[in-house]
Amino acid sequence: MIPIINPITLFFASIFTSNILLTNFLGMCSFISISKDWRSSFGLGMAVTFVMTITAALSWAVLYFILIPLRLEYLSFIVFIIVIAAVVQVLEMVIDRASPALYLSLGIFLPLITVNCAILGAILFMQIRDYGFLQAVTFGAGSGLGWWLAIMLLAAIRERIEKSPVPAGLKGPGITMITIGFMAMAFIGFSGMIAVQ
Amino acid sequence: MSQSKTMSILKDNLWTNNPIFIQILGICSTLAVTNNLRNTAIMTIGVALTTAFSSFTLSAIKELIPRKVRMIVQVLVISFYVIIIDILLRAYLPDVSKQLGPYVGLIITNCIIMGRAEAFAQANKPLLSFWDGLTSGLGYMAVLMAIAVVRELLGFGTLFGLRVLPTAFVPWTIMIMAPSAFFLVAMVMWWAKNMQAAKAKPAQGKAGTPAAKPATPPAQPAKA
């Protein structure tokens, strides 16, 4: 892969040109079920961004300071999952203590995040593409924001679709998939701007 | 286990309760590789095996797991099987493993596996859970293979890497890119829902005319 990418370029690239949801299909499950509601989409998107940035940094450290020196790379899947679960758990406790208001709006989404494929996906991409620490963090943050952007856009579009006549068989998930398809096409328009990957 | 129960599970998982077009689970980890038939086949076989074996294991040890730590035990069992699949792929099919990249690892977060473990393996015997996991995987495989056939055929003019369409055929670039997968999934969902609605109607009222399927909302059991 490309050895050194400017972290700032990578940040924007992971939001727009290689959006983790629209080009890599990651995080679809919660994406479809949550995007019915604008407010929860915002909460979940923010939680994903938060967790993704922190776990990207942590798993980078775990990977390069523990797993690789000990030659335990084959355990990386399990270790990454544990890192994600631990971060989510700790975050839940910290947010609960620090700001109950934020906990009320974010809290219910945190457990969902442990099994969100986008988080694990971002970490695995980081591992495969040999990112450095700064790149890993910006990639995590960028991917999270990209996910947030995509779910907000979709939630806004879905509020309109609710009121339009859709063929019976396409109602619900069907029309949502088509909408996501069009969004993905729109995002392809960005792809000439920054070339990563 | 009785013959009829195994058959009803098979039918349920392949058609009436298909993981993709009815439950909409687990599309994330596999949709990205559906522009190549061979990769899709290997990936979905991996998912089916993981689902089957982890359902089997979790059903066998369900009495030993305290309810509070159930989730994390499930994830650990699943990742154990995924690691085995990853190592096998790297050893025997290195080039496929390279192309699949992170997606093999992402089988862990495939919601179908957790879903079957929660919904079926919790309450059933190990062998039956194994069968349920395997058939869920097959239902998943069938849909994704269908999508992959369309995408590879129109996107590259090949099937399993062999040229099928004449060289004069201009490949549809859109089929290689992400949006086409979304459209195709939506089309499969649409088709399946219409088929099921058309089938449900003659069962309810007598004069069911299968010709008029889409424009009849009453027989739609879809969510509100």
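For the set A:I180, A:L75, A:I123, A:L22, the count of heavy-atom pairs under 4.5 angstrom toward chain B peaks at A:I180.
In this structure, the portion of A:L21 lying under 4.5 Å from any heavy atom of chain B is its backbone and not its side chain. Neither the backbone nor the side chain of B:L184 comes within contact range of chain A; no heavy atom of the residue lies under 4.5 Å from a heavy atom of that chain. For B:I78, no part lies near chain A; criterion is any non-hydrogen pair under 4.5 Å.
Closest heavy-atom contact between A:P167 and B:W190: CB-CZ2, 3.8 Å. Between A:M177 and B:A186 the shortest heavy-atom distance is CB-CB, 3.7 Å. Nearest heavy-atom pair, A:F77 versus B:G105, reported as atom, atom and distance to 0.1 Å: CZ-CA, 3.4 Å.
Counting heavy atoms from C-beta on, the side chains of A:I188 and B:M177 come closer than 4.5 Å. Residues A:M126 and B:P102 are not in side-chain contact: their nearest non-hydrogen atoms beyond the backbone lie 4.5 Å or more apart. Using a 4.5 Å heavy-atom threshold, the side chains of A:L170 and B:K193 count as separate. No side-chain heavy atom of A:I78 sits under 4.5 Å from any side-chain heavy atom of B:V75.
At most 12 heavy atoms of other shown residues, nucleotides or ligands fall within 6.0 angstrom of atom CD1 in A:I8. The 12-atom threshold is exceeded at CZ of A:F11, counting heavy atoms of other residues, nucleotides or ligands nearer than 6.0 Å.
The line from OG1 of B:T109 to CD1 of A:I81 is 6.5 Å long, rounded to the nearest 0.5 Å. Residue A:S76 holds its OG atom at 7.5 Å from CG of B:D86, rounded to the nearest 0.5 Å. With rounding to the nearest 0.5 angstrom, the CD1 atom of B:I83 is 9.0 Å from the OH atom of A:Y74. Between the CG atom of B:L106 and the CG atom of A:N24 there is a distance of 9.5 Å, given to the nearest 0.5 Å. Here A:I128 contributes atom CD1 and B:L100 contributes atom CG; the two are 9.5 Å apart, rounded to the nearest 0.5 Å.
Between A:F182 and B:F183, the distance separating the two ring centers is shorter than 6.0 angstrom.
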For this session: Determine, step by step, whether A:I178 and B:M187 satisfy the side chain to side chain contact (heavy atoms under 4.5 Å, CB included) criterion, reporting the C-alpha distance in whole Å, the side-chain angles of both residues, the deciding distance to 0.1 Å, and the verdict.
Result: CA-CA 9 Å; A:I178 292 183; B:M187 278 152 93; over 6 Å; no
For this session: Check step by step if side chain to side chain contact (heavy atoms under 4.5 Å, CB included) holds for A:L26 and B:Y103.
Result: CA-CA 10 Å; A:L26 296 179; B:Y103 293 102; 4.0 Å; yes
